[in-house]
Amino acid sequence: MEQIKRAKTYKDKKRVRILKTIGLEVFFIVLCIITLIPIFYALSVSFNANNSLISTDFSFFPTNFTFDNYVRLFKENDMLLWFGNSLLLAISTVVFSLAIAIPAAYAFSRMNFKGKKTILKILILLNAFPSTLSLFAIWAIMRNLGLVNTKIGLIIIYTGTMAIFGIWNLKGYFDTVPCEIEEASMIDGASNFQIITRIVMPLAKPAIIVTAVMVLIYVWNEYLYSVTFMTGSENYTLAAGLYGLQANETSGSWPIFAAASLITSLPILIIFLLVQKHMVSGLSSGGVKG
């Protein structure tokens with residue numbers, strides 16, 4: 001009898017566990033569908049011939065289906081030029097940010113020196129400082145250096161902002177790498193440069209990829225600095241260009257704006273799908289130690 005009761009209890013627990021798993025999966029499926037509604041809505045608007053965002057006769061599926069909005073987006077606007085500007089700024093910022101963040105994060109993780117904790121705290125405060133409050137000071141510095149309305153100026157601003165994030169994220173990952181691995185390599189005769197390039201860097205690949213993607217997303221979507229420090233449609237980034245499409249309420253086209261927003265989001269979506277296997281390990285390990 002006791003064995004029968006145990007078997008029944010085990011089956012009941014297993015049934016409850018299965019029901020909980022199914023319920024949790026259904027909940028997340030419904031949540032995903034809800035979060036995708038705005039994207040489907042924008043997709044519907046982009047294929048609609050009518051310039052109406054919300055109306056009584058609006059259908060979730062476009063009644064007057066057309067591809068003209070995407071054609072007009074590239075013919076009547078500098079979409080490719082904006083894309084090129086954003087790509088140049090994003091790639092340059094990623095390269096320079098990682099070039100600064102990787103050695104700095106390794107130094108903060110492995111070396112003990114006076115003022116180490118103080119410097120890290122100052123970096124956090126600088127990163128937490130609202131960009132709108134520092135905008136005028138940065139603009140004054142850029143003006144004195146002659147870097148206003150130049151891509152180099154924006155790259156310097158973006159690099160200074162995201163290098164701090166990169167240092168903290170990568171330092172958390174380097175803290176999880178056992179020092180014994182490096183000590184064993186030193187016993188085998190490896191130099192410090194070889195240890196970093198052949199051992200530490202390959203081990204830190206997930207964190208480096210995550211940091212690069214986060215920097216890329218920031219630059220790709222950044223609006224405030226790009227509008228403040230760059231003038232003229234030829235210098236617009238995608239974020240500034242999107243705003244320009246709807247700046248004039250009388251001539252703005254919601255279908256073209258929706259098409260532009262989807263095209264702008266597409267490269268980031270593709271990159272995220274390509275590196276998603278590194279995202280979980282890179283983000284979780286980077287937050288293990290601070």
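Position 1 is the first residue of the sequence; numbering continues from there. Worth saying up front: this structure is predicted, and the values here are computed from it rather than measured.
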* Is a side-chain donor or acceptor of Ser97 paired with a backbone partner of Val94 at a separation under 3.5 angstrom? -> no
* Side-chain donor or acceptor of Thr159 paired with backbone N/O of Ile156 under 3.5 Å -> no
Measuring from atom [atom1] of [X] to atom [atom2] of [Y], what distance do you get when rounded to the nearest 0.5 angstrom?
| X | Y | atom1 | atom2 | value |
| --- | --- | --- | --- | --- |
| Ile100 | Ile167 | CD1 | CD1 | 7.5 Å |
| Ser44 | Phe65 | OG | CZ | 9.5 Å |
| Ile91 | Leu216 | CD1 | CG | 8.0 Å |
| Leu135 | Ile157 | CG | CD1 | 8.0 Å |
| Ile102 | Ile208 | CD1 | CD1 | 4.0 Å |
| Thr237 | Leu87 | OG1 | CG | 12.0 Å |

* **Ring geometry between Tyr236 and Trp82 (parallel below 30°, tilted from 30 to 60°, perpendicular above 60°)** => tilted
* Specify whether Trp220 and Phe83 have parallel, tilted or perpendicular ring planes, treating 30° as the upper limit for parallel and 60° as the lower limit for perpendicular. => perpendicular
[X] vs [Y] side-chain heavy atoms within contact, under 4.5 Å:
| X | Y | answer |
| --- | --- | --- |
| Tyr106 | Leu170 | no |
| Leu89 | Tyr225 | no |
| Glu234 | Asn85 | no |
| Phe96 | Val215 | no |
| Leu120 | Ile124 | no |
| Thr150 | Met142 | no |
| Leu238 | Met79 | yes |
| Asp175 | Lys171 | yes |

Testing the basics here: between [X] and [Y], what is the closest heavy-atom pair and its distance to 0.1 Å?
| X | Y | value |
| --- | --- | --- |
| Asn169 | Val210 | ND2-CG1, 4.4 Å |
| Thr264 | Pro267 | O-CD, 3.3 Å |
| Asn149 | Met230 | OD1-CA, 3.4 Å |
| Leu98 | Pro103 | O-CD, 4.0 Å |
| Tyr223 | Ala239 | CD1-O, 3.9 Å |
| Lys116 | Met111 | NZ-O, 3.2 Å |

Single-linkage hydrophobic cluster [X]~[Y], side-chain heavy atoms < 4.5 angstrom:
| X | Y | answer |
| --- | --- | --- |
| Tyr70 | Phe257 | yes |
| Leu73 | Leu269 | no |
| Phe40 | Leu31 | no |
| Val213 | Met201 | yes |
| Phe165 | Leu125 | no |

* Apply side chain to side chain contact (heavy atoms under 4.5 Å, CB included) to the pair Thr211 and Tyr173, showing each step before the final yes or no. => CA-CA 11 Å; Thr211 304; Tyr173 192 92; over 6 Å; no
* Aromatic ring centroids of Phe108 and Phe113 under 6.0 Å? -> yes
* Asked: Are side-chain N/O atoms of Asn69 and Ser46 paired as donor and acceptor at under 3.5 Å?
  -> no
* In terms of heavy-atom contacts, does CD1 of Ile152 have more than 12 from other residues, nucleotides or ligands at under 6.0 Å? -> no
